[in-house]
Number of protein chains: 4
Amino acid sequence: MTGKSKKEELAQKRSAQILEAAARVFALKGYHAATTKEIAAEANVAEGTIYNYFRSKRELLLSMISDFADESLQLAMTRPSSKSDKEFLTTLLKDRFTLIDQNMNLVRVILREMMLDDNLRYFFFEQVLSKLSSQLGDLLKTRMEEGVFRNLDAVIAVHAMMGSFLGFILLGLDRKRHRLPPEELASQLADFFLNGLRLRSGEEPT
Amino acid sequence: MTGKSKKEELAQKRSAQILEAAARVFALKGYHAATTKEIAAEANVAEGTIYNYFRSKRELLLSMISDFADESLQLAMTRPSSKSDKEFLTTLLKDRFTLIDQNMNLVRVILREMMLDDNLRYFFFEQVLSKLSSQLGDLLKTRMEEGVFRNLDAVIAVHAMMGSFLGFILLGLDRKRHRLPPEELASQLADFFLNGLRLRSGEEPT
Amino acid sequence: MTGKSKKEELAQKRSAQILEAAARVFALKGYHAATTKEIAAEANVAEGTIYNYFRSKRELLLSMISDFADESLQLAMTRPSSKSDKEFLTTLLKDRFTLIDQNMNLVRVILREMMLDDNLRYFFFEQVLSKLSSQLGDLLKTRMEEGVFRNLDAVIAVHAMMGSFLGFILLGLDRKRHRLPPEELASQLADFFLNGLRLRSGEEPT
Amino acid sequence: MTGKSKKEELAQKRSAQILEAAARVFALKGYHAATTKEIAAEANVAEGTIYNYFRSKRELLLSMISDFADESLQLAMTRPSSKSDKEFLTTLLKDRFTLIDQNMNLVRVILREMMLDDNLRYFFFEQVLSKLSSQLGDLLKTRMEEGVFRNLDAVIAVHAMMGSFLGFILLGLDRKRHRLPPEELASQLADFFLNGLRLRSGEEPT
DNA sequence: AATGAATGAGCTTTCATTCAT
DNA sequence: AATGAATGAAAGCTCATTCAT
C-alpha cells in the first residue's frame, strides 16, 4: 500500500538532503546571496544534481516553504481542547512558538523572501497564519457572544495578537538576543492579551 | 544667512531625486533585484550620475535609512504630553503609524534588508525602535508604581506592544490589503492593550 | 605512475590554452587595454570559463610570470661548466637570450607591467635577474682574485653587463627591428665585456 | 619682437601648471591608472580646464614627452669637446644620467608607455636615443680608423653601451634602490667600456 | 543517476569627455 | 576662460543553468 520503491526512497532522501543544505545556506546568507555552488557543497552533491531534483533555485525555496506550511497546518488541526481561556491561548501560542523555534533558520528565510515576493507573502499569510487567525477569531467571537469578552473590533484584536506574535519572531531573529522559553512567553502573552495593562477593581496590585 | 548657494540647492535636489527613485525601485523589486540602470531611468538621470552623489548602490540604501531614522528620532523628541493613558498611548501609536504610512515604500525596503543584514537590523532596532520601546517602558513603570497598572513582566508587555506594532506594519505591506486609518488603529490598539480582552466587572458587555 | 587523470589533463590543457591566448592579447595591447572578452575570444572559450581557471585577470598575468620565472630558474641551475671566460660568458648570455627570444610575447608583457607594479618589478629583479647577476658576480670575484681581471667596482661591472642585457631586450621589442641571432649576439657581447673598446698592445688592430 | 601677449603668457603658464601636475600623477600611478580628476586636483584646476589646453589625456602625455625630447636634443647639440676618450665618454654619459636623474618621474612614465605604444617607442628610440647612439657610433668609427679601438662590430658595441645605459635607468626606477651619483657612474662605465674586464699586460692588477 | 565544465547574460562601477552656465 | 555636473560606453566579474560524459 505504501509502495515506496527503493528508488523512490533514495530520491526522497536525496531531495531532503539538498533541501536541508539549502535551508542552512539560505539562513546564513539569504536567498539571493546564496549560490547553488555553496548549496551543492553543503549537501555533498554536485551542482548539477540539484537540478535533477528541483527545477530551479527558486523552487528550492518554494519547496522548503511548502514543507513548513504543511507542518504548520498539521499543528493547526490539533487545536487545543478548550479548557480555560488562559490555557487555550497559552497552548495555542506555545505550540506556534515551539514550531518557530525549531525551524528558526527556515523562518528567517521565509520572512526575508516574504517581504519581496507578493505571492509568497500571500501564501504565507493565507495558508499559514490564517489558521492561527481564524482560531483566535473563533475564540473571540464565542467569548464575546457569551459576554465574557468585551465587544472589541475582532479584526483589530486578532491582528494585534497575530502581530504581537510576528513581532516576537522578528525580535527573536538574532541568535544572540535573549529569548524566553516558548511556554513562559506564551503564558505571559496570554495573560497580557486577556487582562490588559490596567489593574482590575478588586484585584491586588501585585 | 543659512546661505545655501544655488549649487548646493541643486545638488540637494538631485540627491533627493535619485534617492526617491531608488526608494521606488527598491520597494518594487527589493534591494538586490533592483539595478542601477533601473534606478537611473526612474530618476531620469544617467547611470553615472548616481555615482556623483552616492559612492555605491549600498550607500543609496544606507542614506535612505539614515534619513528615515533621523525623522523617526525627531518624532521621538516630541513625546506626547501625558494626559490620560489612553490618549498618551493613542497619540504615541498614531504618530508612528502615520510616519510609517507616509514612508511605506521605504519601510518595505528597510524591513527586507533588516532580515539579511545584522548591522542594519541592530541599527534599526536600537536607533529607531528603542525610543518607542523606552517610552512605552517608562509609561509602564510609572503606572505600575502608582498601582494603576498590573504588575506584569515589563519586558514582555513592551515587546508585545512593539511586536504588535511591527506586526501591523508587516500586515500592511500589501497595497491592496485594507488598512485602517492610523488614528482609528491607534485608538483601538491602545484600548486593547490597556483593557485586554476580558470584560471588567461592572462594565457593560457592549 | 604519475597518474594524471583525464580530467586533470583536460584542465591543464584548458588552463594553458587560456594562458597562451592571454599572452597573445596582453602582448598586443598591454595588460590594461586587453579585455577579458578579447582573451576569451582568442582562446575560443566563453568569458566565464576564464574564471573557472583563474581567479582574476590579474592572476592570469601573475600565473604567466610565475611560469616564466620557474623556467628561468631552471636555466640558472644548469650553469655553464667553466672552460674559458669567453666560453662561459658566451654560453651564459646565449642561454638567456634564447629563453627571452622564445618567450618574447611574455617578456613584452612582463617588462610593461614591471614598470607599473613595484611588487612585480621587485619579484622580477630578485627572482629572475638576481641569479644571472650573482653568476656574473662570482665570475668577476674569482677572476679578480686570480689577477686575471682588473680590479673594477664589481657592482658597476655586473650592472653594466646586466643592463646591457636588459637593453638588448628593450631594443628587441619591435618585431620589425633587425635582431641578431642569440649565439652571435652573446659571443660578441662577451668579447666586448672582456676586452673593452681599446686595442691591446701587441694586438692586431683588425 | 618676441611678442608674447599677456594672454599667451598666462596660457603658457596654465599649460605648464597642468603638465607638471600630470607628470606627478602619471609618475605615481602610471598613465592608465591616473585619472583626469586627480590631475585636475593636483593642478588646482577644474577638470574641464584641462581640455581647454589639451585635446585629450593622451595628448597630455605626448606633450610631456615632446618637451623632454626637446630638452634631450638640446643636450645633444652641445657635444663634449673631445679631449681624451675617457673624458669624452664620461661627459657624454654624465650629462645623460643627470638629465634622466632630474626628470626621473617623467622617465618612469615614458618608459612605461614606450613598452605599450609602438609609435611612442619608435619616437623615443629615434628622436631621443639615436643622438646618443650616433655620437657613440662616431666615436667608435673614428677611433677604429685611427687604430686606437679594436675592430668590433660597431652596432653591437653601441647597442651594448646604450643598453647598459638603459639598463641603469631601469635599475634606478626604484626610489629606494641605492643609486650612484651620475659623475661616478659615468666615469666607471666609461672605464669599463674602454678597457673591458681583462687585465692588460703591463698593467697593475690592483 | 550523478557530474562539473562551460556558458553568457547581466551586474555594479569607473572615468574621459562634453557643454551649459 | 573656467567650471564641474552629466554623461554613457565599457570594463571585470558572478552565477543559475545546461548538457555531454
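First the proteins, then the strands, lettered A, B, ... as listed; each starts at 1.
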> Which whole-number value in Å describes the distance from D:F26 CZ to E:dC15 C1'?
Replying inline: 13 Å
Restricting to side-chain hydrogen bond (donor to acceptor under 3.5 Å, both in side chains), what partner residues turn up for [X], sequence neighbours left out?
| X | result |
| --- | --- |
| D:T36 | D:E47 |
| C:N103 | none |
| C:Q17 | C:R14 |
| B:T35 | B:E38 |

> Quick one, which residues of residues 47-60 of chain B touch DNA chain F with a heavy atom under 4.0 Å?
Replying inline: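 Listed by number, they are B:G48, B:T49, B:N52, B:Y53.
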>> Under 4.0 Å, counting only non-hydrogen atoms across every strand here, what does D:A34 touch: a base, just sugar-phosphate, or nothing?
In response: sugar-phosphate
>> Please identify the 5'-most and 3'-most nucleotides of DNA chain F with any atom under 4.0 angstrom from a heavy atom of chain B.
In response: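 From 5' to 3', the first and last contacting nucleotides are F:dG4 to F:dG8.
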> Under the side-chain contact (heavy atoms from CB on, under 4.5 Å) test, which residues partner A:A23, sequence neighbours left out?
Replying inline: A:M64
>> Tell me every residue that passes side-chain contact (heavy atoms from CB on, under 4.5 Å) with B:R24, counting only those two or more places apart in sequence or in another chain.
In response: B:E20, B:A21, B:E42, B:N105
> Can you list the stems that include DNA chain E, where a stem is three or more consecutive Watson-Crick or G-U pairs with distances under 3.5 Å?
Replying inline: E:2-21 with F:2-21
Can you list everything that forms a ring pair (Phe, Tyr, Trp, His ring centres under 6.0 Å) with [X]? Sequence neighbours excluded, please.
| X | result |
| --- | --- |
| C:Y31 | C:F26 |
| B:F68 | none |
| D:Y51 | none |

>> Can you tell me if D:T35 touches the phosphate of E:dC15, counting only side-chain N or O atoms and a distance under 4.0 Å to OP1 or OP2?
In response: no
>> Applying side-chain contact (heavy atoms from CB on, under 4.5 Å) to C:E8 and C:Q12, what does each step give before you reach the verdict?
In response: CA-CA 6 Å; C:E8 277 168 339; C:Q12 191 95 23; 5.9 Å; no
> How do D:T36 and A:N44 order along DNA chain E: which one's closest nucleotide is nearer the 5' end?
Replying inline: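 Looking at DNA chain E, the more 5' nearest nucleotide goes with A:N44.
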